[in-house]
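Notes to accompany the following structure.
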Amino acid sequence: MELTHLVHLHERSARKVVHPATRNLTAVGDMVGAARLLEGAAIERSLTALHDLGTRHPGFDSGFAALYRAILEHATREELDEFPILRVHVPIQRLHMMAGELHDVQVMDAA
C-alpha cells in the first residue's frame, strides 16, 4: 500500500509540474513528456491490478517483477531524457520554483 501511495504522489506531481513543462519546450520535449505520461499511467494501472490480485495470486510475483522493472525504466528515462531537456531550456530559477511546486503538490495530495 505504501508503494502505491509513493508512486501516486510521484506521478501526480510529475503530471502537474514536470511533464507539462517538458512538453511546452520543444517538439522532442513534447514526445518525451508524452511518453513519460503514458509510462506513469501504465505503472499506476499495474499497481492497481496487482493490488486487486493480492499477494497470494500465482501471477503476483511475476507482475510485481514487471512493475519493478517498469518503475526503474521510467525513472531512468526521466533522468536521461526528460531532465536534461529541462536543464537546457529552463532557467535555474524556474527549476527551483518547479521543485517547490512538486513539493506543494505532494504535500497537498498527502493531506
Side-chain angles (χ1 to χ4, degrees):
M1 190 72 151
E2 186 171 336
L3 176 62
T4 301
H5 178 70
L6 292 174
V7 168
H8 175 73
L9 284 177
H10 170 82
E11 289 307 317
R12 181 168 163 75
S13 59
R15 272 193 311 269
K16 289 192 170 261
V17 179
V18 178
H19 305 321
T22 305
R23 295 185 75 185
N24 289 330
L25 294 171
T26 66
V28 171
D30 187 45
M31 290 186 302
V32 168
R36 299 302 77 80
L37 281 167
L38 292 173
E39 290 168 3
I43 288 168
E44 289 191 296
R45 285 191 304 275
S46 294
L47 276 166
T48 299
L50 283 173
H51 182 266
D52 292 347
L53 283 180
T55 57
R56 296 184 191 272
H57 189 277
F60 181 86
D61 288 346
S62 62
F64 188 81
L67 172 66
Y68 175 76
R69 287 189 303 275
I71 290 171
L72 288 179
E73 178 64 22
H74 180 66
T76 299
R77 296 281 45 104
E78 286 177 334
E79 290 286 333
L80 297 178
D81 298 340
E82 191 165 31
F83 297 164
I85 292 170
L86 292 169
R87 287 184 195 108
V88 167
H89 295 284
V90 177
I92 191 75
Q93 297 86 355
R94 177 67 185 126
L95 291 174
H96 286 290
M97 289 173 56
M98 288 172 65
E101 292 169 20
L102 285 168
H103 174 73
D104 292 347
V105 170
Q106 292 175 350
V107 167
M108 293 294 289
D109 203 43

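In this structure, Ser46 has no side chain to side chain donor-acceptor pair (under 3.5 Å) partners at least two apart in sequence or on a different chain. Residues meeting the salt bridge (Lys or Arg N to Asp or Glu O under 4.0 Å) test with Arg77, sequence neighbours left out: Glu73, Asp81. Residues passing the side-chain contact (heavy atoms from CB on, under 4.5 Å) test with His89 are Leu25, Thr26, Ile85, sequence neighbours excluded. In this view, His19 and Glu82 satisfy the side chain to side chain donor-acceptor pair (under 3.5 Å) rule, not counting sequence neighbours. Not counting sequence neighbours, Pro58 has no partner by the side-chain contact (heavy atoms from CB on, under 4.5 Å) test. With sequence neighbours excluded, the residues satisfying side chain to side chain donor-acceptor pair (under 3.5 Å) with His74 are Glu11, Glu39, Glu78. For the salt bridge (Lys or Arg N to Asp or Glu O under 4.0 Å) test, residues two or more places apart in sequence or in another chain that qualify with Asp30 are Arg23.
At most 12 heavy atoms of other shown residues, nucleotides or ligands fall within 6.0 angstrom of atom CZ in Phe64.
Atoms CD1 and CG, from Ile71 and Leu47 in turn, are 5.5 Å apart once rounded to the nearest 0.5 Å. Distance CG/Leu95 to CD/Glu101: 10.5 Å, rounded to 0.5 Å. To the nearest 0.5 Å, the span separating NE2 on His8 from OG1 on Thr4 amounts to 10.5 Å.
Linking ILVMFWY residues whenever their side-chain heavy atoms come closer than 4.5 Å, directly or via other members, places Leu3 and Ile43 in the same cluster. The hydrophobic clustering, which links ILVMFWY residues whose side-chain heavy atoms are closer than 4.5 Å, places Leu102 and Leu37 apart. Hydrophobic clustering (ILVMFWY, side-chain heavy atoms < 4.5 Å, transitive): Phe83 and Met31 are in one cluster. By the rule that hydrophobic residues join a cluster once side-chain heavy atoms approach within less than 4.5 Å of another member, Val28 and Leu86 end up as members of one cluster.
Across all non-hydrogen atoms, the minimal contact from Pro20 to Ala14 is CD-O, 3.6 Å. Across every non-hydrogen atom of Leu9 and Gln106, the tightest pair is CD2-O, 3.6 Å.
For residues 44-57, the salt bridge (charged side-chain N to carboxylate O under 4.0 Å, His left out) pairs, not counting sequence neighbours, are Arg15-Glu44. The stretch residues 59-69 participates, sequence neighbours left out, in no salt bridge (charged side-chain N to carboxylate O under 4.0 Å, His left out) pair at all.
With a 4.5 Å cut-off between side-chain heavy atoms of Ile, Leu, Val, Met, Phe, Trp and Tyr, the cluster of Tyr68 takes in Leu72.
Residues Ser13 and Lys16 form no side-chain contact, since every pair of their non-hydrogen atoms from C-beta on lies 4.5 Å or further apart.
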